[in-house]
Amino acid sequence: MNSQPSQPPAAGPPAAGEELWLGLDVGTQGTKALLVDVSGPGGSCVRGRGATGYDLIAGLPPGHMEQHPTIWIDAIQRAVRAALADAVAGGVAGTAALVADRVRGIGVSGQQHGAVLLDAALEPVRAAKLWCDTSTAAEAREISAELGRTVPAGFTAPKLRYVARREPSVWEQVRHVALPHDYVNAWLSGDLFTEAGDASGTGYLREGVLRGSEDPYVGALDDIAAGLSEKVPRVLASNAVVATLRKSAADALGLREGIAISGGGGDNMMSAIGSGATRPGVVTCSLGTSGTVFAYSAEPLDDPTGAIAAFRSSSEGENREPGHLPLLCIMNCTSVLNEVCDLTGKGHGELTLAAEAVPPGCDGMLFVPYLVGERVPDLPNARGRLVGIPGSIQAAALYRAAMEGVSLSLGLGVDRMRELGLGVDEVRLVGGAAGNWLWRSVLADVFGCPVRLVVETETAAMGAALQVASAVAGDPSSDAMSQRVVALADEVAEPSSDRSELVAEMKRRFAAEVKTLS
């Protein structure tokens, strides 16, 4: 793996009570780095922030969504160094090198499902196919039929069959398959491993597997792709110190060699820790490029329809036992509202203010927001639909209809979780659009429960930092750490009883429209 070596800071142990924990979130649009101090009473303090953006590979055929893993490594180096500099600028005593001396561990969050194909030296042999890649729809249908359960096109398994079948010369070079966060951990430590939370989104982790299982993968690995059984990484604990930072990565990041690395996890698993969804009753909804709804469950929440993914968590529950993370993921979320902004030439702030004056339900106008196909329901080739247009299309009404359509799509997940027996006491909102007050109100009506805003917006990076802090300490558990640290805004969006019948009718119409697309 290529790095950009630099002179490491002066080595030395951190002073007692001054430990910092580095959380990395390697996402689809960029990488975030947080330096977190968890020693203070009543919560954490972010001492430094860094961020670096990047794009997908341009010019690929429709449905192909790819990035080269090396851009993540470059982004990590830039984001970490920016976070160290930000800590100094924000008043942390000393130079960036002295701040780096206080970093005791790294936790990594990564975008889920991506297929990172590596050679024997752990170098990528092709660009990674990402979670939003739908070019593997045919392979997903085949594998679902073979395994007897739904494996969406976005999961890792169909991507591996795609490459093995359609790019055999590339597949011959592959010695290891990894998820994005696995690859980052391998660059940091020189060792390739995975953990059950992120691995449960591959499609080939054995259902219900716990860490340490002698046989964590399904028996049909080589049927998914030739020789896959020899290429998958071992499964280690999530909330434990599983590796240390090697010298080449330490030099590139400006950190001390040998600091702890925890198991990490997928971005949703880490966001659960960073938002407090580590015990029953708390549901997190993330509004980003994709939209997700997820919650902690001590037992598997199996959904025969496949709408709710039966992921493992990457955290420990109240009894320090690894749990489950039932999750709904939709592919069309903030991008739908962005399209309205692009179409109208107006910004989100202006459209939000105007949309407040539009009556809920938009006078019967309904937006089914499947602009790039959809993952749940499994409609990779679906298109968006606007129905019930009341005479003319006004920008404010279109914006509110898009907001309501995405909310109804997410509401399918919360309603399905309730049907499967999961308690929903409150929903905590995170992600880039979580600060939109009108959207919080719409979601409260659709979810039928209070919606609260998590103060720290970068919950995946925060969760990664809390995980490694908990792993090094050994106690408290990641759940206890999360409950102590995560701060919520005072404002709460409550559902309106006056709109309950209208929302029920909107849900009925939305479900009927979706059914016609199946």
Side-chain angles (χ1 to χ4, degrees), residues 14 16-25 32-47 102-110 181 184-185 188-189 193-198 210-212 235-245 255 258-280 282 284 294-296 298 312-325 428 430 454-456 458-487:
E18 295 183 342
E19 295 89 352
L20 295 176
W21 308 94
L22 174 60
L24 299 175
D25 178 29
K32 311 289 178 58
L34 292 186
L35 289 170
V36 179
D37 176 3
V38 301
S39 64
S44 71
C45 182
V46 176
R47 300 298 191 189
R102 294 167 55 183
V103 178
R104 289 202 58 197
I106 304 175
V108 177
S109 163
H181 115 269
V184 172
N185 273 341
L188 293 170
S189 68
F193 51 86
T194 192
E195 52 80 46
D198 207 6
L210 289 171
R211 63 174 183 253
V235 181
L236 301 181
S238 308
N239 195 60
V241 176
V242 295
T244 57
L245 185 64
L255 299 175
I259 62 176
I261 299 172
S262 60
D267 51 3
N268 292 301
M269 290 77 188
M270 294 295 98
S271 186
I273 301 174
S275 62
T278 52
R279 57 178 55 182
V282 178
T284 294
F294 50 87
Y296 178 85
R312 301 289 306 187
S313 70
S314 298
S315 61
E316 297 173 326
E318 294 177 87
N319 298 321
R320 300 186 64 84
E321 287 297 325
H324 301 263
L325 194 80
R428 296 182 179 181
V430 304
V454 180
V455 172
E456 175 52 57
E458 301 300 339
T459 51
M462 173 62 76
L466 298 184
Q467 186 201 61
V468 69
S470 171
V472 171
D475 187 61
S477 67
S478 51
D479 167 64
M481 179 77 76
S482 178
Q483 299 304 322
R484 179 174 67 83
V485 164
V486 173

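Treat the numbers as computed from the prediction; the structure is a model and nothing was measured.
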Legend entry - For the student: nearest non-hydrogen atoms of Ser314 and Gly265, plus distance: OG-CA, 3.8 Å
Legend entry - Min side-chain heavy-atom separation Phe193-Val235 under 4.5 Å: no
Inset, instruction - In sequence, state the C-alpha distance, the side-chain angles, and the governing distance for Arg104 and Trp21, and then conclude on side chain to side chain contact (heavy atoms under 4.5 Å, CB included). - result: CA-CA 6 Å; Arg104 289 202 58 197; Trp21 308 94; 3.6 Å; yes
Legend entry - Heavy-atom side-chain proximity of Arg484 to Val38 below 4.5 angstrom: yes
Inset, instruction - Looking only at non-hydrogen atoms, find the nearest pair between Met269 and Arg312 and report the distance. - result: CE-O, 3.6 Å
Legend entry - Val108 side chain reached by Asp25 side chain, heavy atoms, under 4.5 Å: no
Inset, instruction - Answer with yes or no whether the side chains of Ser478 and Gln467 bring together a donor and an acceptor at under 3.5 Å. - result: no
Inset, instruction - For residues Ser275 and Thr284, report the shortest heavy-atom separation together with the two atoms involved. - result: OG-OG1, 2.7 Å
Legend entry - Straight-line distance of Arg279 CZ to Gln483 CD, nearest 0.5 Å: 4.0 Å
Inset, instruction - Please assess Val486 against Thr459 for the test side chain to side chain contact (heavy atoms under 4.5 Å, CB included), listing each intermediate value before the final yes or no. - result: CA-CA 9 Å; Val486 173; Thr459 51; over 6 Å; no
Legend entry - Sole candidate of Asp267, Leu24, Val184 that passes side-chain contact (heavy atoms from CB on, under 4.5 Å) when paired with Ser109: Asp267
Legend entry - Donor-acceptor contact present, side-chain Ser482 to main-chain Ile273, <3.5 Å: yes
Legend entry - From Asn185 atom CG to Leu245 atom CG, the distance as rounded to the nearest 0.5 Å: 10.5 Å
Legend entry - Under 3.5 Å donor-acceptor, Ser313 side chain and Gly323 backbone: yes
Inset, instruction - Apply the test side chain to side chain contact (heavy atoms under 4.5 Å, CB included) to residues Leu20 and Val36: give CA-CA distance (whole Å), side-chain angles for both, the deciding distance (0.1 Å), then the verdict. - result: CA-CA 5 Å; Leu20 295 176; Val36 179; over 6 Å; no
Legend entry - Derivation of the side chain to side chain donor-acceptor pair (under 3.5 Å) call for Ser315 and Thr278: CA-CA 7 Å; Ser315 61; Thr278 52; 5.7 Å; no
Inset, instruction - Return the minimal non-hydrogen interatomic distance between Val468 and Ser262, and the atom names on each side. - result: CB-OG, 3.5 Å
Legend entry - pair Ile106-Ile259: side-chain heavy atoms closer than 4.5 Å: yes
Inset, instruction - Could you check if a side-chain atom of His181 sits within less than 4.5 angstrom of a side-chain atom of Glu195, using non-hydrogen atoms only? - result: yes
Legend entry - side chain to side chain contact (heavy atoms under 4.5 Å, CB included) evaluation trace for Glu456 with Val430: CA-CA 8 Å; Glu456 175 52 57; Val430 304; over 6 Å; no
Legend entry - Atom pair CG (Asp479) and CG (Leu466), whose distance is rounded to the nearest 0.5 Å: 11.5 Å
Legend entry - Which atom of Ala471 lies closest to which atom of Val241, heavy atoms considered: CB-N, 3.9 Å
Inset, instruction - Quick one: pull up CG in Leu34 and CE in Met462 and give me the separation to the nearest 0.5 Å. - result: 6.0 Å
Legend entry - For Ala237 against Val242, the heavy-atom pair lying closest together: O-CG1, 3.5 Å
Inset, instruction - Please examine the side chains of Val46 and Leu35, heavy atoms only from C-beta on, and report whether any two atoms are closer than 4.5 Å. - result: no
